[in-house]
Amino acid sequence: MDDWQPAQVGMRVSEVDTPALLVDLDVLERNIAQLMRAVPAGVRVRAHAKTHKCAALARLQIAAGAVGMCVQKIGEAEALLRAGIDDILISNQVVGAQKIARLAALVAAFPQAELSICVDAMAQIDQLEGVFSQLSGAEAVQRLGVLVEINAGGNRCGVETPDEALALARRIAASAHLRFEGIQAYHGSAQHLRTPAERRTAIADAVSRARATRDLLAAHGLVCNTVGGAGTGTFALEAASGVYNELQPGSYVFMDADYARNQREAPNGEPGATGNNAPFSHSLFILATVMSRSPTRAVVDVGHKAHSADSGFPLVAGRADLRYYRPSDEHGVIELVADAQQGSSAANAASAAASAAASSIALPALGEKIRLIPGHCDPTVNLHRWFVAYRGDTVEAVWPIEAAGAFY
Ligand SMILES: Cc1ncc(COP(=O)(O)O)c(C=O)c1O
């Protein structure tokens, strides 16, 4: 089972085994280029690999101009470093003896790599100091970059006030083993606010928090090389802020169904001519096979074990007349939207029979393959082990998802 792959290079897409994660390379490349075009000079892109967990995809982003990658977990950093990605920010808190020991081991094992993490508590710096002060030689000398995370309004991680950030930054800067790198101000809950106005308001607040912190630190001689944050929903706002200089968008490469529900900035709206949510398109699909058919439903081999459901069920690509619903572990049900709207209460037996006959024609046939657009790309990718990258109708590459399952 371990060496099972859903596809081989050169196959037609219709021959790919299912369930499989398909990546449309033309669209993916357009999304990557579009983001780079939308970012002004002087602002770096450090794309988030929590979305795809894949070294081949990271290499495409770096080739297009990203300075490196973000990850969220030590396990993801381990997988990508091993695969040759050597500039990584763990945009998250790393807490606990086991994890910090793994971090120190990475710093020692990859002397050429740039590695950074976030902190938001003095106790966390104490733990880092305790472990990194045990290292000897070159590994011990400020190889690990450390960013102080501030709460940018998302109320997840991060210190609340500039004074708290200053205290942490001073402590890091005074360390012989850690290197003060700057601040992270990521506003997660702003990303999926639906209207441009809501996102603008949220990010204006994040920018003012980041600015106040950056300026206080600077007044005490602590220069932030990095003021980082931003995701797919708001990156243009942070990019235009004059405060953020490093952006961390992830989902833009794939553009899932939930992100597509965000309203776009008007083309000539603020900020910039490209709008707030640059026009990314869906490049990620779950290929599914109809494995059972009745006159009124088609059952596909994609259920909860092949897609996440936290942001809604997948959409059926190119078939607005179909809906995917009622997933169980290994199954998902497809029906006509019209049938769902009509419900089971057809006026009489004759009209029920007529509608079943019409459904039977419109529904995909037994054995037919359909493409589903995941509701939320990151947790969907985490369930899979391969990307089947195709162009036109031909499989061009099969990429391992090296950090799949690395949520530790
Ligand atoms: C710290 C951080 N930065 C960036 C991102 C990327 O966000 P997105 O995938 O919405 O672009 C995330 C996503 O959760 C995140 O947690």
Side-chain angles (χ1 to χ4, degrees), residues 46 48-51 53 68-83 85-111 113-152 154-161 164-186 188 226 228-229 248 250 310 378-379 381-383 401-408:
R46 180 178 290 282
H48 217 303
K50 72 192 276 289
T51 303
K53 294 168 163 271
M69 303 305 293
C70 292
V71 299
Q72 211 76 320
K73 296 294 187 148
I74 288 274
E76 292 173 335
E78 287 168 345
L80 291 190
L81 282 164
R82 272 191 234 113
I85 305 298
D86 62 4
D87 191 334
I88 294 181
L89 163 64
I90 303 175
S91 59
N92 205 355
Q93 325 303 309
V94 177
V95 172
Q98 290 185 355
K99 288 197 169 55
I100 293 177
R102 282 165 62 199
L103 188 62
L106 282 183
V107 169
F110 294 93
E114 290 290 334
L115 196 59
S116 314
I117 63 160
C118 292
V119 300
D120 68 0
M122 206 58 95
Q124 193 191 345
I125 305 176
D126 289 343
Q127 286 188 355
L128 288 167
E129 205 40 70
V131 172
F132 278 75
S133 60
Q134 304 299 310
L135 297 179
S136 56
E139 291 122 60
V141 188
Q142 299 185 325
R143 287 273 327 287
L144 184 71
V146 182
L147 281 79
V148 175
E149 178 155 18
I150 70 167
N151 179 2
N155 298 326
R156 194 172 67 177
C157 300
V159 297
E160 297 299 328
T161 65
E164 287 172 81
L166 176 62
L168 299 187
R170 278 182 156 152
R171 173 77 199 285
I172 299 160
S175 165
H177 313 102
L178 310 173
R179 188 181 74 250
F180 174 68
E181 190 57 40
I183 58 174
Q184 171 164 296
Y186 173 70
T226 300
Q248 310 174 342
D310 59 297
D378 308 40
V381 167
N382 194 46
L383 300 168
I401 305 174
E402 288 92 344
F407 56 85
Y408 39 83

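Note that the numbering runs from 1 along the sequence shown for the chain.
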Open item on the list: If the condition is salt bridge (Lys or Arg N to Asp or Glu O under 4.0 Å), which residues does Arg170 pass it with, not counting sequence neighbours?
Closed with: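 Result, salt bridge (Lys or Arg N to Asp or Glu O under 4.0 Å) vs Arg170: none returned.
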Can you see which heavy atom on [X] is nearest to which on [Y], and at what distance?
X      : Y      : value
Phe407 : Lys73  : O-NZ, 3.3 Å
Phe180 : Ala169 : CE1-CB, 3.5 Å
Ile88  : Ala77  : CD1-O, 4.1 Å

Sub-4.5 Å side-chain heavy-atom contact between [X] and [Y]:
X      : Y      : value
Gln72  : His48  : yes
Val131 : Leu103 : no
Glu76  : Met69  : no
Arg46  : Thr226 : no

How would you list, by chain and number, every residue that makes a side-chain contact (heavy atoms from CB on, under 4.5 Å) with [X], sequence neighbours excluded?
X      : result
Ala83  : Ala55, Glu402
Ser175 : Glu129, His177, Leu178
Gln127 : Val95, Ile100

Open item on the list: Between Arg179 and Glu114, does any NZ, NE, NH1 or NH2 come within less than 4.0 Å of an OD or OE carboxylate oxygen?
Closed with: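 Arg179 and Glu114: salt-bridged.
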Straight-line distance of [X] [atom1] to [Y] [atom2], nearest 0.5 Å:
X      : Y      : atom1 : atom2 : value
Glu149 : Leu168 : CD    : CG    : 11.5 Å
Leu106 : Leu81  : CG    : CG    : 5.5 Å
Cys157 : Ile150 : SG    : CD1   : 13.0 Å
Tyr408 : Glu78  : OH    : CD    : 7.0 Å
Gln184 : Ser116 : CD    : OG    : 10.5 Å
Leu89  : Cys70  : CG    : SG    : 4.5 Å

[X] side chain vs [Y] backbone, donor-acceptor pair below 3.5 Å:
X      : Y      : value
Arg143 : Ala113 : yes
Ser91  : Val71  : yes
Asp120 : Gly158 : yes
Glu181 : Leu144 : no

Task: Sequence-distant partners of Asn92, side-chain hydrogen bond (donor to acceptor under 3.5 Å, both in side chains), two or more places apart - done: none
TODO: Please identify each residue that fulfils side-chain hydrogen bond (donor to acceptor under 3.5 Å, both in side chains) with Arg82, with sequence neighbours left out.
DONE: none
Open item on the list: Looking only at side-chain N and O atoms, does Asn382 offer a donor or acceptor that is under 3.5 Å from a partner on Asp378?
Closed with: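 Result is no, nothing qualifies.
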TODO: Report the residue from Asp126, Val148, Val119, Val146 that forms a side chain to side chain contact (heavy atoms under 4.5 Å, CB included) with Arg171.
DONE: Asp126
